[in-house]
Amino acid sequence: MRRKNLIARKKANRNQFLKNKKIHYLYSKFKSIILKSIKNKSFALAVSGGPDSLCLAFFGKLYSLENNNRIKVLIVDHKLRKESKKEAIKVKKLLTQKKIPSRILSWKGKIPSKNIQKNARDIRYSLLSDFCLKNKIKYLLTAHHEGDQIENFFIRLSRGSGVSGLSSMSVYNSYSKNLKIIRPFLNFTKDDLKYATLKYFKNYIKDPSNKNEKFLRIKIRKLNKILMEDKKIFDAKKIKKTINNLTLAKNALSFYKTKAMYKYTRFVPKKSSNGYEQKCTISKNIFLHEADEIVFKLFSEVLSEVSKSYYPPRSKKILNLIDRLKIKKVHKSTLGGCIVESDSNNIIISKELNKRKISNQLKNKNFA
């Protein structure tokens, strides 16, 4: 009887919030997106404490009650700021008040002092993906919304990105063979997410780095507000339409890139201290028979696949590498955690062994 009463109470609590027409509409949109992939399977949620990620926790809880899913709400303490541990604990308490169990994932590696936002992103995805892999969770939900999509577009525009970069994020994306990332809020406005969060949690955590103008994202955010003041010139719908058009172009290029991968590349296992890792051989004939954009996309994918990195190196670095490989018959360099070697006919890309691991291996060897 106790279990039945508990289930009935949970359902009543869920129905109470869904009586709100706006929340019901937003939740229905959210559900239609994740239902296609997740159904009743386990999934994880990345929650930082902002209004968008707390809304993700709220809707994730509603969905799990409705479909009997096992969910993991994950908070990352990247240790990049002194306050990060306290902030993570605040988020956990806020979730606990709503009976949403959560777990803090703390970074234990070296704390980077440069390129803070990129390193924070890399640390976040490393901790989240490792947790999901260990717990056999195949789906990770993040709270990226319409505003993030538009900011990404302008950031990549400022860096001279091509079609792939400017098409920005997609709702469904593969992080690895074992983990898919779903961004159900990409067509939601931040104001709508904040509305739902305040109705449920009454509060949210403010990230102090959102005011720090030394970060490019914050500068772009302020510029974006100025641009959007006159909707006759710029508005979110027009930017989204451009992103959608670029996405269609990217998909077409991806089709031809896949054909080129099949024709010019060969992945083989390479024995290393960690077991077997992939290395890739690329025929230099690709430079003679494929368009530059196809070559660029292929190298981006190979570098990510071999290094096991979600994001490839910056486009400028990849293009410089390709130019050197075209000119030099024999070449050796490193990029994006990979060793790149070539002769007159082929290019071989293999994973670079971490210097710290090499040092430890040498210390542990017994020399006669």
Side-chain angles (χ1 to χ4, degrees), residues 36-37 125 129 133 138-139 156 161-183 243-272 274-352:
K36 292 176 184 177
S37 299
Y125 276 107
S129 61
L133 184 64
K138 294 184 178 181
Y139 301 96
R156 293 175 183 185
S161 294
V163 170
S164 296
L166 292 173
S167 59
S168 204
M169 297 177 282
S170 55
V171 175
Y172 307 100
N173 199 236
S174 292
Y175 181 86
S176 67
K177 289 179 180 177
N178 300 309
L179 182 64
K180 284 185 170 55
I181 292 177
I182 302 176
R183 303 179 181 97
I243 293 170
N244 289 338
N245 288 336
L246 287 164
T247 300
L248 291 174
K250 181 184 79 170
N251 293 341
L253 288 168
S254 292
F255 172 79
Y256 290 103
K257 179 264 303 175
T258 301
K259 289 183 74 174
M261 288 279 285
Y262 181 78
K263 189 173 182 180
Y264 297 104
T265 69
R266 185 165 59 94
F267 284 89
V268 293
K270 175 191 174 186
K271 194 170 184 180
S272 73
N274 297 325
Y276 283 92
E277 293 172 346
Q278 282 188 320
K279 73 173 181 179
C280 182
T281 301
I282 305 171
S283 169
K284 281 193 171 180
N285 285 332
I286 192 172
F287 299 138
L288 301 174
H289 303 295
E290 296 293 340
D292 290 345
E293 183 66 17
I294 301 301
V295 174
F296 167 75
K297 284 180 73 65
L298 183 142
F299 270 81
S300 296
E301 183 164 324
V302 169
L303 288 164
S304 288
E305 181 68 27
V306 172
S307 67
K308 301 299 178 191
S309 173
Y310 182 57
Y311 289 98
R314 293 272 170 86
S315 57
K316 186 178 179 180
K317 292 184 177 181
I318 297 173
L319 291 170
N320 287 340
L321 171 69
I322 291 168
D323 287 342
R324 292 197 302 273
L325 289 167
K326 285 179 179 178
I327 295 166
K328 296 181 180 180
K329 287 187 177 179
V330 179
H331 173 276
K332 184 172 181 178
S333 66
T334 59
L335 179 62
C338 294
I339 298 170
V340 182
E341 302 172 274
S342 74
D343 56 30
S344 56
N345 298 313
N346 296 300
I347 300 152
I348 297 172
I349 299 179
S350 55
K351 190 170 183 179
E352 184 180 19

Engineer: Begin with the C-alpha distance, continue with both residues' side-chain angles, and end with the deciding distance and a verdict on side-chain contact (heavy atoms from CB on, under 4.5 Å) for K263 and I286.
Structural biologist: CA-CA 9 Å; K263 189 173 182 180; I286 192 172; over 6 Å; no

Engineer: A side-chain contact here means heavy atoms from C-beta on lying under 4.5 Å apart; do I282 and L325 qualify?
Structural biologist: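 No, side chains not in contact.
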
Engineer: Quick check: closest heavy atoms across S37 and Y172, and the distance to 0.1 Å?
Structural biologist: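 Answer, listing the atom of S37 first, then Y172: OG-CE2, 3.7 Å.
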
Engineer: To check you understand the geometry: which heavy-atom pair defines the closest contact between V163 and A249, and what is its length?
Structural biologist: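 Reported closest heavy-atom pair: CG1-CB, 4.0 Å.
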
Engineer: Side-chain contact, heavy-atom cut-off 4.5 Å: Q278 with C280?
Structural biologist: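 No, side chains not in contact.
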
Engineer: Which heavy atom of N346 sits nearest a heavy atom of S283, and at what distance?
Structural biologist: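 Looking at all heavy atoms of both residues, the shortest contact is OD1-CA, 3.6 Å.
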
Engineer: Using every non-hydrogen atom in the two residues, find where L321 and S333 come nearest and quote the distance to one decimal.
Structural biologist: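 Minimum heavy-atom separation between L321 and S333: CD1-OG, 3.7 Å.
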
Engineer: Count the heavy atoms belonging to other residues, nucleotides or ligands that lie under 6.0 Å from CG of N251, then report whether that count exceeds 12.
Structural biologist: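 Yes, the 6.0 Å shell around CG holds more than 12 heavy atoms from other groups.
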
Engineer: Can you tell if the side chain of V306 reaches within under 4.5 Å of the side chain of F267, non-hydrogen atoms only?
Structural biologist: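 When only atoms from C-beta onward are counted, F267 and V306 do touch, with a gap below 4.5 Å.
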
Engineer: Check the pair K279 / I339 against side-chain contact (heavy atoms from CB on, under 4.5 Å), numbers first and verdict last.
Structural biologist: CA-CA 10 Å; K279 73 173 181 179; I339 298 170; over 6 Å; no

Engineer: Around atom OH of Y175, are there more than 12 heavy atoms of other residues, nucleotides or ligands at under 6.0 Å?
Structural biologist: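 Yes.
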
Engineer: Quick one, E305 and K177 - any side-chain contact, counting heavy atoms below 4.5 Å?
Structural biologist: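 Answer yes - side chains close enough.
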
Engineer: Are any of the side-chain heavy atoms of L253 and K257 separated by less than 4.5 Å?
Structural biologist: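 No - every pair of side-chain heavy atoms lies 4.5 Å or more apart.
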
Engineer: Show your working on side-chain contact (heavy atoms from CB on, under 4.5 Å) between E352 and C338 and close with a plain yes or no.
Structural biologist: CA-CA 5 Å; E352 184 180 19; C338 294; 5.7 Å; no

Engineer: Is a side-chain donor or acceptor of K284 paired with a backbone partner of D343 at a separation under 3.5 angstrom?
Structural biologist: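 Here the side-chain-to-backbone pair exists.
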
Engineer: Just wondering, more than 12 heavy atoms not from R324 lying within 6.0 Å of its CZ?
Structural biologist: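 More than 12 heavy atoms, drawn from other residues, nucleotides or ligands, come within 6.0 Å of this atom.
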
Engineer: Under 3.5 Å, is there a donor-acceptor pair between the side chain of S170 and the main chain of N173?
Structural biologist: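 A pair under 3.5 Å: no.
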
Engineer: Do I347 and F287 pass the side-chain contact (heavy atoms from CB on, under 4.5 Å) test, and can you show the C-alpha distance, the side-chain angles, and the key distance before you say yes or no?
Structural biologist: CA-CA 11 Å; I347 300 152; F287 299 138; 3.8 Å; yes

Engineer: Going by heavy atoms in the side chains, are N320 and L335 under 4.5 Å from each other?
Structural biologist: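 No, side chains not in contact.
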
Engineer: Work out which heavy atom in S307 is nearest to a heavy atom in G336; give both atom names and the distance.
Structural biologist: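 Closest pair (atom of S307, atom of G336, distance): CB-O, 3.2 Å.
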
